[in-house]
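First up is the structure itself, then whatever we jot down about it.
Note that this is a predicted model, so its numbers are computed, not measured. For this chain, numbers begin at 1 and follow the sequence in order.
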Amino acid sequence: MEQEAQVVETKDGTVSVASAFAGHQEAVQDRDHEFLAKAVEEAYKGVECRDGGPFGAVVVCKDEVVVSCHNMVLKHGDPTAHAEVTAIREACKKLNRIELSDCEIYASCEPCPMCFGAIHLSRAKRLVYGAKAEAAIAIGFDDFIADALRGTSFYQKASLEIKKAEGNQAILAEEVFEKTKEKFHLY
């Protein structure tokens, strides 16, 4: 028997799809809890191993865990080795591809802008996170993260100068796209 999906538009314009099958939402919620619990376990594991901060991430494909990773910033001396980035890198290696369009990512905490960007670029079909960024901020992680995610950034610790090159430098950098478009195809 085929189940119908009901599309509901909310007041703020977002759209959600609800299954007519009563147990569907419950099954999805149980599944989310299971995989999110694995991400939280990874967060604890990373701190216990002294690999990095208390963040974990799990990549799931067709209800199977592809990889389960934690923050590796301290272990690798790499400020980009956040749990989500590490999980995306490992999942892509394991699956031998550069996109995760049939995968879901479970993160123990709301992703920072870098991790959100990596998740977006991976083409993951779904993101489920546990803690809000404020939980990480409360123990000393950069407080601009939540503001940056919400587009309300008033405070930023780093003072980074950003300048676009001009003249020949800019032209040479832009030409690479035109000169390689026939040779390079992402998907």
Side-chain angles (χ1 to χ4, degrees), residues 14 16 25-160 162 186:
T14 58
S16 65
Q25 282 297 100
E26 204 171 296
V28 169
Q29 193 171 13
D30 288 348
R31 190 178 160 284
D32 286 351
H33 285 291
E34 174 190 342
F35 294 128
L36 193 54
K38 285 188 180 300
V40 171
E41 284 174 31
E42 278 292 334
Y44 281 114
K45 181 179 171 185
V47 172
E48 288 170 22
C49 298
R50 297 178 188 248
D51 288 342
F55 303 96
V58 176
V59 175
V60 174
C61 186
K62 298 176 183 121
D63 291 333
E64 296 291 325
V65 173
V66 177
V67 295
S68 184
C69 299
H70 55 263
N71 183 292
M72 302 288 278
V73 168
L74 298 177
K75 181 173 183 169
H76 296 313
D78 177 358
T80 69
H82 291 195
E84 299 91 334
V85 172
T86 301
I88 289 167
R89 288 173 180 162
E90 293 299 317
C92 286
K93 264 189 231 172
K94 189 171 181 178
L95 297 171
N96 195 30
R97 53 191 168 133
I98 62 167
E99 55 81 27
L100 303 172
S101 60
D102 57 346
C103 298
E104 298 165 290
I105 297 179
Y106 291 83
S108 63
C109 186
E110 185 174 14
C112 73
M114 177 187 70
C115 291
F116 183 78
I119 292 164
H120 173 74
L121 291 172
S122 78
R123 309 265 196 274
K125 69 178 180 178
R126 190 164 180 256
L127 164 67
V128 178
Y129 68 88
K132 294 202 53 84
E134 285 80 5
I137 292 164
I139 66 164
F141 286 90
D142 286 345
D143 55 0
F144 77 91
I145 291 173
D147 285 340
L149 282 169
R150 294 173 182 89
T152 58
S153 187
F154 296 110
Y155 174 77
Q156 188 170 350
K157 286 182 183 175
S159 54
L160 171 68
I162 300 173
L186 258 165

Shortest non-hydrogen contact from [X] toward [Y]:
{"X": "Phe141", "Y": "Gly53", "result": "CZ-CA, 4.1 Å"}
{"X": "Val66", "Y": "Cys61", "result": "CG2-CB, 3.6 Å"}
{"X": "Val67", "Y": "Ala87", "result": "CG2-O, 3.4 Å"}
{"X": "Ala107", "Y": "Ala39", "result": "C-CB, 4.2 Å"}
{"X": "Ile139", "Y": "Pro54", "result": "CD1-CG, 4.1 Å"}
{"X": "Phe35", "Y": "Val58", "result": "O-CG2, 4.0 Å"}

Could you give the distance from [atom1] ([X]) to [atom2] ([Y]), rounded to the nearest 0.5 Å?
{"X": "Cys49", "Y": "Glu42", "atom1": "SG", "atom2": "CD", "value": "8.5 Å"}
{"X": "Glu134", "Y": "Cys109", "atom1": "CD", "atom2": "SG", "value": "8.5 Å"}
{"X": "His70", "Y": "Tyr44", "atom1": "NE2", "atom2": "OH", "value": "15.0 Å"}
{"X": "Asn71", "Y": "Asp51", "atom1": "CG", "atom2": "CG", "value": "8.5 Å"}
{"X": "Met114", "Y": "Ile119", "atom1": "CE", "atom2": "CD1", "value": "10.0 Å"}
{"X": "Leu127", "Y": "Glu110", "atom1": "CG", "atom2": "CD", "value": "9.0 Å"}

Do Glu99 and Arg97 meet the salt-bridge criterion of a basic N to acidic O distance under 4.0 Å?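 Yes, Arg97 and Glu99 are salt-bridged.
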Does the pair Glu41/Lys38 count as a salt bridge with the N-to-O cut at 4.0 Å?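 Looking at Glu41 and Lys38, the cut-off is not met.
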Decide yes or no on side-chain contact (heavy atoms from CB on, under 4.5 Å) for Glu34 and Asp63, but give the supporting numbers first. CA-CA 11 Å; Glu34 174 190 342; Asp63 291 333; over 6 Å; no
Out of Leu121, Val60, Ile88, which residue meets the side-chain contact (heavy atoms from CB on, under 4.5 Å) rule with Leu100?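 Answer to the side-chain contact (heavy atoms from CB on, under 4.5 Å) test with Leu100 among Leu121, Val60, Ile88: Ile88.
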Contact check, side chains of [X] and [Y], non-hydrogen atoms, under 4.5 Å:
{"X": "Ser122", "Y": "Val59", "value": "no"}
{"X": "Leu95", "Y": "Cys103", "value": "yes"}
{"X": "Asp102", "Y": "Lys62", "value": "yes"}

List the atom pairs, with distances to 0.1 Å, where a side-chain N or O of residues 72-79 and a protein N or O form a donor-acceptor pair under 3.5 Å, not counting sequence neighbours.
{"residue": "Asp78", "atom": "OD1", "partner": "Thr80", "partner atom": "N", "Å": "2.8"}
{"residue": "Asp78", "atom": "OD1", "partner": "Thr80", "partner atom": "OG1", "Å": "2.6"}
{"residue": "Asp78", "atom": "OD2", "partner": "Thr80", "partner atom": "OG1", "Å": "3.2"}

Could you go through Glu48 and Lys45, starting from their C-alpha distance and side-chain angles, then the distance that decides it, and tell me whether this counts as salt bridge (charged side-chain N to carboxylate O under 4.0 Å, His left out)? CA-CA 5 Å; Glu48 288 170 22; Lys45 181 179 171 185; over 6 Å; no
